[in-house]
**Student:** 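Before we start, here is the structure in question, set down as structure tokens.
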Amino acid sequence: VGPVAFTLVVNSFVFFLSVRVANEARKRLNASKSMKIFNQIKTWAILTFLLGHTWAAGFLIQKNIQGFSYVFVALNGSSGLFLFIHTILMNDVIMIELKIKFGFRDQVDLALDNSGSRILASKSFKVAERPKIHRRKPRQKTESTSSE
């Protein structure tokens with residue numbers, strides 16, 4: 001009980017720090033209020049599973065009460081499924097790639113989407129449609145004035 005309780009206390013501290021930093025970043029985000037709330041709930045849920053807060057249900061297990069045992073097993077057993085849903089199924093880029101792979105979308109349909117602060121996807125199989133990459137010119141070597 002002692003090591004688990006200590007780990008939960010430390011992880012709770014990390015959880016509250018992470019949520020505070022995420023809230024400060026979310027204030028600068030230009031999104032609707034409902035989208036901000038949805039993102040905040042997603043943040044709480046993913047951090048709960050990642051930091052092992054589901055183990056708190058283990059403290060509620062009593063000898064004569066079977067219900068908390070089932071809750072504990074269900075929460076800890078579903079953490080992998082939840083992480084899969086969060087990182088794979090809720091990721092727009094991965095879902096578009098899967099739809100292309102399984103034939104639900106055409107490869108040409110995938111284009112740039114600059115909604116928000118990141119590019120969701122960019123892929124073109126035609127050479128003429130690929131974006132140009134501008135490389136920086138190399139720095140010119142200058143003579144050092146330091147004493148060597």
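Predicted model only: the values in this text are computed from it and were never measured.
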**Student:** Return the minimal non-hydrogen interatomic distance between Asn11 and Leu51, and the atom names on each side.
**Tutor:**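 Where Asn11 meets Leu51 most closely, the heavy atoms are ND2-O, 2.6 Å.
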**Student:** Would you tabulate the side-chain donor-acceptor contacts of residues 13-22 under 3.5 Å, counting partners in other chains and residues two or more places apart, or write 'none'?
**Tutor:**
residue : atom : partner : partner atom : Å
Ser18   : OG   : Val14   : O            : 2.8

**Student:** The criterion is side chain to side chain contact (heavy atoms under 4.5 Å, CB included); which residues satisfy it with Val73, sequence neighbours excluded?
**Tutor:** none
**Student:** Go through it in stages, so that I can follow the logic: the residues are Thr87 and Asn91, the test is side-chain contact (heavy atoms from CB on, under 4.5 Å), and I'd like the CA-CA distance, side-chain angles, deciding distance and then a yes or no.
**Tutor:** CA-CA 6 Å; Thr87 56; Asn91 188 325; over 6 Å; no
**Student:** So, taking the atom named CG in Leu89 and the one named CE in Met95, what distance separates them when rounded to the nearest 0.5 Å?
**Tutor:**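 With rounding to 0.5 Å, CG (Leu89) is 5.5 Å from CE (Met95).
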**Student:** Let me confirm one number: the CG-CG distance from Leu50 to Leu83, rounded to the nearest 0.5 Å.
**Tutor:** 5.5 Å
**Student:** Got a sec, which residues hit side-chain hydrogen bond (donor to acceptor under 3.5 Å, both in side chains) with Thr54, two or more places apart in sequence or on another chain?
**Tutor:**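 Once residues adjacent in sequence are excluded, the partners of Thr54 under the side-chain hydrogen bond (donor to acceptor under 3.5 Å, both in side chains) criterion are Asn76.
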**Student:** Can you list the other members of the hydrophobic cluster that holds Val9, where links are side-chain heavy atoms under 4.5 angstrom apart?
**Tutor:** none
**Student:** What residues, two or more places apart in sequence or in another chain, satisfy side chain to side chain contact (heavy atoms under 4.5 Å, CB included) together with Ser32?
**Tutor:**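 Scan of Ser32 (side chain to side chain contact (heavy atoms under 4.5 Å, CB included), adjacent residues dropped) gives Ser34, Met35.
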**Student:** According to side-chain hydrogen bond (donor to acceptor under 3.5 Å, both in side chains), who are the partners of Asn23, at least two apart in sequence or on a separate chain?
**Tutor:**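 Per chain and number, Asn23 pairs via side-chain hydrogen bond (donor to acceptor under 3.5 Å, both in side chains) with Arg26, Gln40.
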**Student:** Find the distance between CD (Gln66) and CG (Asn64) and round it off to the nearest 0.5 Å.
**Tutor:** 9.0 Å
**Student:** Show every ring pair (Phe, Tyr, Trp, His ring centres under 6.0 Å) that has at least one partner inside residues 73-100, sequence neighbours left out.
**Tutor:** Phe49-Phe82
**Student:** Run the side-chain hydrogen bond (donor to acceptor under 3.5 Å, both in side chains) test against Ser12 and tell me which residues pass, sequence neighbours left out.
**Tutor:**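 Ser12 satisfies side-chain hydrogen bond (donor to acceptor under 3.5 Å, both in side chains) with His53 only.
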